[in-house]
Amino acid sequence: AQSVAQPEDQVNVAEGNPLTVKCTYSVSGNPYLFWYVQYPNRGLQFLLKYITGDNLVKGSYGFEAEFNKSQTSFHLKKPSALVSDSALYFCAVISVGYNFNKFYFGSGTKLNVKP
Amino acid sequence: KAGVTQTPRYLIKTRGQQVTLSCSPISGHRSVSWYQQTPGQGLQFLFEYFSETQRNKGNFPGRFSGRQFSNSRSEMNVSTLELGDSALYLCATCQGMSNNEQFFGPGTRLTVL
């Protein structure tokens, strides 16, 4: 069965510090991996994706994520957090060749960046 | 390009009623997916339509149904509403290839009283 796990419901960091939001996945076949961000009362916004190639993917707003096949992880990172990064973050996976275009989302991680 | 639009943005219904939600995709996007978002359950996949055909389906009861029109606009219908159907319903669209990211609409907030 395909699944995505975000082990932390909430992550707290101070502004200017690096941040990491964790994501692990379980899929049959090769994964396509995505990160989305949701601000209050808004839909989800795309941040970045891993399809193939370089394991380090750079995305919007200074975010990046590292694909680790052996650990089946796709953690979201940013070198220096901003208060405006405070939001709900979702990791998602598609299993290539299985259930075409069916996204599996993690439960979400609330990021709190304090001044 | 205009983004994904969803109507209405807010809806209040009572138990037993039915409701229809609408989603207009970004021009050129042929795939439309629907999700239910609740605080306790996160984002749950309902179904996906591509070229007017349901291509994927989540684990929701038959009270939840959808359709897609030739212009790719999609509607979602929930019949015999229950209190537990109160949620944010999100529509997401993409071109249809599996390596494409989905673009989300702002959602429809449904409250069932």
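So that the names make sense, note that chain A is the first sequence line, chain B the second, and so on, each numbered from 1. For the numbers below, each heavy atom of this structure counts, side chains included, while hydrogens, waters and symmetry mates do not.
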(request) Go through Q37(B), R9(B), R109(B) and name the one with the most non-hydrogen pairs under 4.5 angstrom from chain A. (result) Q37(B)
(message) Nearest 0.5 angstrom please: F45(B) CZ to Y104(A) OH, how far?
(response) 8.0 Å
(request) Pick one of side chain, backbone, both or neither for Q38(A), based on which atoms fall under 4.5 Å of a heavy atom in chain B. (result) side chain
(request) Could you state whether V4(B) and F69(B) fall into the same hydrophobic cluster, counting links through intermediate Ile, Leu, Val, Met, Phe, Trp or Tyr residues with side-chain heavy atoms under 4.5 angstrom apart? (result) no
(message) Applying side chain to side chain contact (heavy atoms under 4.5 Å, CB included) to Y36(A) and Q102(B), what does each step give before you reach the verdict?
(response) CA-CA 10 Å; Y36(A) 288 84; Q102(B) 293 188 327; 3.6 Å; yes
(message) Side-chain heavy atoms nearer than 4.5 Å, only ILVMFWY residues, links allowed to pass through others: does that put L56(A) and L48(A) together?
(response) no
(message) If I measure from the heavy atoms of chain A, does Q6(B) come under 4.5 Å with its side chain, its backbone, both, or neither?
(response) neither
(request) Count the heavy atoms of every other residue, nucleotide or ligand shown that sit under 6.0 Å from CG of N59(B), and state whether that count exceeds 12. (result) no
(message) If hydrophobic clusters are built from ILVMFWY residues whose side chains come within less than 4.5 Å, do V13(A) and Y39(A) share one?
(response) yes
(message) I'd like to know whether the aromatic ring centres of F105(A) and Y35(B) sit less than 6.0 Å apart in this structure.
(response) yes
(request) Measure the SG-CZ distance between C94(B) and F103(A) for me, rounded to the nearest 0.5 Å. (result) 6.0 Å
(message) If hydrophobic residues (ILVMFWY) are linked whenever their side-chain heavy atoms come closer than 4.5 Å, directly or via other members, who joins L21(B) in its cluster?
(response) L11(B), V19(B), V32(B), W34(B), L46(B), F47(B), Y49(B), F60(B), F64(B), M76(B), V78(B), L81(B), L83(B), Y89(B), L110(B), V112(B)
Please report, to 0.1 Å, the donor-acceptor pairs under 3.5 Å made by any side chain of residues 82-94 of chain A, with sequence neighbours excluded.
residue: D85(A); atom: OD1; partner: K78(A); partner atom: NZ; Å: 3.1
residue: D85(A); atom: OD2; partner: K78(A); partner atom: NZ; Å: 2.8
residue: D85(A); atom: OD2; partner: L82(A); partner atom: N; Å: 2.9
residue: S86(A); atom: OG; partner: V83(A); partner atom: O; Å: 2.9
residue: S86(A); atom: OG; partner: V113(A); partner atom: N; Å: 2.9
residue: Y89(A); atom: OH; partner: D85(A); partner atom: O; Å: 2.6

